[in-house]
Amino acid sequence: MSTLHLDAEALYRDLAGGVRGLLQPGAALVGIWSGGAWLAERLQRDLGLAGEPGVITSALHRDDFDKRGMAADAGQTRLPFEVEGRHIVLIDDVLYTGRTTRAVINELFDFGRPASVTLAVLVDRGGRELPIQPAYSAARVTLPPERRLALARNAAGHFSFAIREEGAAP
Amino acid sequence: MMLPRRNPQLNAHGELVHLLSIEGLPRAVIHQILDTAGTFLSVNDREVKKVPLLRGKSVFNLFFENSTRTRTTFEIAAKRLSADVINLDIARSSTAKGESLLDTIANLSAMHADMFVVRHGESGAPYLIAQHCAPHVHVVNAGDGRHAHPTQGLLDMYTIRHFKQDFTRLTVAIVGDIVHSRVARSDIHALTTLGVPEVRAVGPKTLVPGDLREMGVRVCHDMAEGIRGADVIIMLRLQNERMSGALLPSAGEFFKNYGLTPDKLALAKPDAIVMHPGPINRGVEIDSAVADGRQSVILPQVTFGIAVRMAVMSTIAGNTA
């Protein structure tokens with residue numbers, strides 16, 4: 001198979017435009033830990049939004065807890081605003097099975113009842129196992145299931161994609 | 001050749017499947033539990049103060065020794081994880097009719113228990129249960145004899161990390177009846193594993209024997225020497241049953257020498273914290289002015305205790321033997 005080339009920085013610029021179109025008055029960005037949280041942090045700044053974006057983790061609502069247990073480094077949910085009645089835009093780096101999205105929606109509702117929840121992602125790699133679709137995706141790719149695609153961020157804050165075989169050392 | 005025996009708390013991958021003692025736990029496992037507890041602490045700030053990790057699981061509280069407070073904190077922790085909690089008044093039921101410990105466990109396992117939280121007067125009882133229960137069943141030691149009280153040890157470490165961040169520069173003084181205290185033993189193992197350079201055991205010779213030095217602590221029979229320059233002071237409850245007999249002349253005498261008063265606390269660092277596993281005996285091991293004072297973190301310990309017990313239960317429940 002040819003090497004998949006994804007220019008994360010170019011896709012980020014597309015994502016910023018897409019998210020701008022999704023923002024309703026008073027909407028809040030919530031990044032899914034960890035790649036989505038990096039994206040939300042930068043989008044908040046680049047889109048000129050006031051305050052801090054939220055960070056959300058799937059750790060406490062994962063459906064594979066019985067098989068995988070507590071993750072050693074799963075981040076913590078921090079939502080520095082009222083969730084009740086707010087329009088929430090979830091941001092993630094890679095959308096795959098949809099199970100993480102399902103878990104973070106449950107996590108979000110533990111804090112209140114949002115007015116609406118939409119999802120914007122950098123890359124949609126297909127392979128959905130739940131009826132979840134993004135309102136915006138900057139790219140759609142097809143990858144074999146054993147390939148893992150994850151966003152990386154360097155010291156200067158620039159994004160790139162890391163692709164590796166599932167089970168291989170990071 | 002003798003193969004080294006695996007720590008019975010860990011599976012072949014080095015993951016925690018039971019919590020029986022802090023002794024022998026790798027530093028990374030302790031830190032992981034403390035990190036996880038941090039996540040659970042924030043669950044208290046949510047509209048819904050419950051997470052579904054143990055939904056459909058049954059946690060049996062088996063307190064062969066009474067302790068309403070500890071049992072309640074385990075019950076709250078399990079309920080916040082969405083488990084079903086069954087409290088057995090075991091001291092007054094089956095054992096009183098002569099049933100053996102392992103028969104009791106076999107019966108409760110037949111009722112589809114997923115986790116046993118065990119307090120027992122005999123050291124080692126939780127180990128015995130862990131060795132004989134089914135592979136999917138997990139055991140938490142909630143205090144066994146004089147041996148260990150690992151969740152108290154972990155919540156003490158969480159408290160110290162919360163207020164002092166770095167363990168590797170601290171002087172920690174544990175004061176009182178060290179020899180009979182499972183809390184002291186668990187704290188000493190945890191503090192040395194986490195790299196605390198100076199752990200002091202402070203108290204009279206009858207309650208702090210010199211052979212405690214083998215655990216890597218500095219033994220101090222003089223209170224002023226024991227407290228001077230300390231960052232953390234852990235006061236232990238003086239158990240009334242020790243007051244009679246030859247161990248101690250009287251409660252008043254103990255308070256005069258080893259009770260923590262504002263004068264004695266002034267010998268520690270100005271930002272030292274004062275801890276106590278509770279319940280406190282005011283005027284026996286601690287003065288009210290200290291227990292209620294600005295350096296006391298006794299009530300935060302209680303709050304952290306719930307989050308730490310949630311972390312322990314969810315960690316072991318997520319790992320398989």
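Computation of the quantities below employed the complete heavy-atom set of this structure, encompassing side-chain atoms and omitting hydrogens, waters and symmetry-equivalent molecules. Given the structure is predicted, the values throughout are model-derived calculations rather than measurements. The sequence lines fix the lettering, A, B, ..., with proteins before strands; numbering per chain opens at 1.
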*asked:* With a 6.0 Å cut-off (strictly less than), is the heavy-atom count around CD of B:Gln295, excluding the residue itself, greater than 12?
replied: yes
*Looking at A:Arg78, A:Glu84, A:Glu107, A:Arg62, which makes the most heavy-atom pairs under 4.5 Å with chain B?*
A:Glu107
*Structural part of B:Leu54 lying under 4.5 Å from a heavy atom of chain A*: side chain
*Heavy atoms, side chains only, cut-off 4.5 Å: are A:Thr77 and B:Arg46 in contact?*
yes
*Heavy-atom distances under 4.5 Å only: say whether A:Ala59 touches chain B with side chain, backbone, both or neither.*
backbone
*When you look at B:Val48 and A:Phe111, which way does the side chain to side chain contact (heavy atoms under 4.5 Å, CB included) test go after all the steps?*
CA-CA 7 Å; B:Val48 179; A:Phe111 291 81; over 6 Å; no
*Just wondering, more than 12 heavy atoms not from A:Glu129 lying within 6.0 Å of its CD?*
yes
*How many angstroms lie between CG in B:Asp45 and CG in A:Leu79, if you round to the nearest 0.5 Å?*
11.0 Å
*Proximal component of B:Lys57, with respect to chain A [non-hydrogen, under 4.5 Å]*: side chain
*Counting a contact as any heavy-atom pair under 4.5 Å apart, which residues of residues 296-317 of chain B contact chain A?*
B:Ser314, B:Thr315, B:Ala317
_Could you report the tightest heavy-atom contact between A:Gln76 and B:Ser42, atom names first, then the distance?_
OE1-OG, 4.1 Å
*Tell me, side chain or backbone of B:Thr39 under 4.5 Å from chain A's heavy atoms, or both, or neither?*
both
*asked:* Looking only at heavy atoms and a cut-off of under 4.5 Å, which of B:Val51, B:Leu81, B:Asn319, B:Leu53 has the most pairs with chain A?
replied: B:Leu53
